[in-house]
Protein chains: 2
Amino acid sequence: MNERSDYINMLESNAVDPTPLREAVLMSIGEDSRPLAAAEIMAAVRSRMSINKVTLYRILDLLVGKGLVKRLSAGDRAYRYGMAKTRHHQAHPHFVCSRCGVMECLEPGLFCIDIRKFQTNSKRIIKYVDVRFEGICESCIKAQK
Amino acid sequence: MNERSDYINMLESNAVDPTPLREAVLMSIGEDSRPLAAAEIMAAVRSRMSINKVTLYRILDLLVGKGLVKRLSAGDRAYRYGMAKTRHHQAHPHFVCSRCGVMECLEPGLFCIDIRKFQTNSKRIIKYVDVRFEGICESCIKAQK
DNA sequence: CAATACTTGCAACTAAGTTGCATATAGGGC
DNA sequence: GCCCTATATGCAACTTAGTTGCAAGTATTG
Ligand SMILES: [Zn+2]
Ligand SMILES: [Zn+2]
Ligand SMILES: [Zn+2]
Ligand SMILES: [Zn+2]
């Protein structure tokens with residue numbers, strides 16, 4: 001998908017010192033089509049170099065804080081991390097498999113939120129909306145046959 | 001909202017032996033307008049009687065399994081529990097305050113999901129859709145003024 | 001009443017993430 | 001280069017939310 005230098009560039013243009021571990025973490029997230037759990041990112045990084053789990057969590061916090069990465073809720077107790085700035089820059093809903101826990105990105109424009117209706121009769125401040133489809137993923141359907 | 005006997009009835013009509021603890025747990029969930037975290041339910045029950053946390057989690061599992069209670073994801077690492085069978089029986093989106101973590105129920109019909117569009121170009125099986133609004137709740141807005 | 005099933009409690013465990021503090025590494029000033 | 005400081009990483013211990021195993025209490029039934 002991207003070159004190593006692209007990730008270094010993303011880090012630098014967000015005022016993040018591009019250390020090898022940060023680069024590896026961002027690349028692991030960026031090279032996967034799905035948002036990944038911390039444990040999956042750890043495994044991906046560890047296939048190439050050594051990293052401590054605290055360092056990983058701190059890098060994830062940093063990347064989320066800088067807006068490079070999005071922290072997503074999968075409905076279970078582990079967060080998923082995905083690239084924040086996609087080609088189209090559009091928010092999109094996600095799918096989570098309730099059997100294997102994998103999260104997948106869905107096309108944007110799958111749903112419409114009548115945010116005006118909501119805003120008029122509410123004293124809350126809405127920052128964003130999270131739409132999550134839950135069910136069985138393709139590979140789990142195949143596996144059970 | 002409801003009488004004690006109503007909760008006993010709900011338990012019995014779902015083939016659940018209405019022990020005092022189960023009744024207290026279901027009542028704590030039913031008497032609050034918001035879905036509650038396990039710790040909040042524990043506090044509510046403990047204001048009237050003694051309960052062990054394992055027992056609470058097992059009762060919650062039981063009630064969720066019987067379809068009396070819904071386990072909801074708040075985007076953080078703790079589940080929320082709300083009554084499954086409301087007066088109108090309709091699915092509805094939820095709001096979660098990113099400052100204090102409170103979850104609130106919103107009116108149904110606030111959004112529309114084009115589920116057909118989704119189903120046609122997907123080999124996944126969709127069980128349900130979860131819509132979560134995130135932002136700042138009314139009492140947190142007041143508190144900061 | 002004995003045998004059995006169901007319910008609850010206690011301790012220990014787990015998964016995912018966090019905190020405190022020590023060490024390592026990278027730049028600057030001289 | 002050497003010293004000083006800042007940033008980055010690692011390790012151990014801790015936390016939160018929930019789970020498991022097993023023992024003890026309670027109810028039910030023949
Ligand atoms: Zn799956
Ligand atoms: Zn996505
Ligand atoms: Zn709030
Ligand atoms: Zn609700």
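Protein chains get the first letters and strands the later ones, always in sequence-line order, with residue 1 at the start of each.
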A.B. asks: Mind checking whether B/Arg71 and B/Asp61 have side chains closer than 4.5 Å, heavy atoms only?
C.D. replies: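 B/Arg71 reaches B/Asp61 side chain to side chain.
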A.B. asks: At under 4.0 Å between heavy atoms, what does A/Ala39 touch on the DNA or RNA strands: base, sugar-phosphate, or nothing?
C.D. replies: nothing
A.B. asks: Students often get this wrong, so: under 4.0 angstrom with heavy atoms, is B/Ala38 touching a base, only sugar-phosphate, or nothing?
C.D. replies: sugar-phosphate
A.B. asks: Output yes when a side-chain donor or acceptor of A/Asp76 lies under 3.5 Å from a complementary backbone atom of A/Ala78, and no otherwise.
C.D. replies: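 Here the side-chain-to-backbone pair exists.
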A.B. asks: Using whole Å, what does the distance between atom C1' of nucleotide D/dA17 and atom CG of B/Asp61 come to?
C.D. replies: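 Whole-Å distance recorded here is 13 Å.
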A.B. asks: Figure out the CG/C1' separation between A/Asp76 and D/dT19, and round it to whole Å.
C.D. replies: 15 Å
A.B. asks: Distance from A/Arg34 atom CZ to A/Arg80 atom CZ, nearest 0.5 Å?
C.D. replies: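 The CZ atom of A/Arg80 is 11.0 Å from CZ of A/Arg34, to the nearest 0.5 Å.
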A.B. asks: To the nearest Å, give me how far apart CG (B/Leu60) and P (C/dT8) are.
C.D. replies: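 It works out to 12 Å between those atoms.
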A.B. asks: Need to verify one output field. Residue with the more 5' nearest nucleotide on DNA chain D, B/Arg80 or A/Leu21?
C.D. replies: A/Leu21
A.B. asks: Just the rounded figure in Å: distance from P of D/dA17 to OH of B/Tyr81.
C.D. replies: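 About 11 Å, once rounded to whole Å.
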A.B. asks: Choosing from D/dG18, D/dG10, C/dT8, which nucleotide comes nearest the side chain of A/Thr55?
C.D. replies: D/dG10
A.B. asks: Just compare D/dT9, C/dT8, D/dA17 and give me whichever is closest to any side-chain atom of B/Thr19.
C.D. replies: C/dT8
A.B. asks: So which one's nearest nucleotide on DNA chain C is more toward 5', B/Arg77 or B/Ile59?
C.D. replies: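 Comparing both residues, the 5'-ward one is B/Ile59.
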A.B. asks: Can you tell whether the side chains of A/Glu104 and B/Arg124 come within less than 4.0 Å, N to carboxylate O?
C.D. replies: yes
A.B. asks: Between C/dG9 atom P and B/Met49 atom CE, what is the distance in whole Å?
C.D. replies: 11 Å
A.B. asks: Between D/dG10, D/dT9, C/dG17, which one does the side chain of A/Tyr57 approach most closely?
C.D. replies: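 Of the candidates, C/dG17 comes closest.
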A.B. asks: Whole-Å distance between C/dT19 P and A/Lys53 NZ?
C.D. replies: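 For the pair A/Lys53 NZ and C/dT19 P, the rounded distance is 13 Å.
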A.B. asks: Report the distance from atom CG of B/Leu21 to atom CD1 of B/Ile59, rounding to the nearest 0.5 Å.
C.D. replies: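 The distance works out to 5.0 Å.
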A.B. asks: Determine: side-chain N/O of A/Arg58 to OP1/OP2 of D/dG10, distance under 4.0 Å, yes or no.
C.D. replies: no
A.B. asks: Give the rounded distance in Å between these two atoms: CG of A/Asn52 and P of C/dA22.
C.D. replies: 17 Å
A.B. asks: Whole Å only: how far is the CD1 atom of B/Ile41 from the P atom of D/dA17?
C.D. replies: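 It works out to 13 Å between those atoms.
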A.B. asks: When you get a sec, tell me which of C/dG20, C/dT8, D/dA17 is the closest nucleotide to the side chain of A/Val54?
C.D. replies: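 Nearest to the side-chain atoms of A/Val54, counting from C-beta on, is C/dG20.
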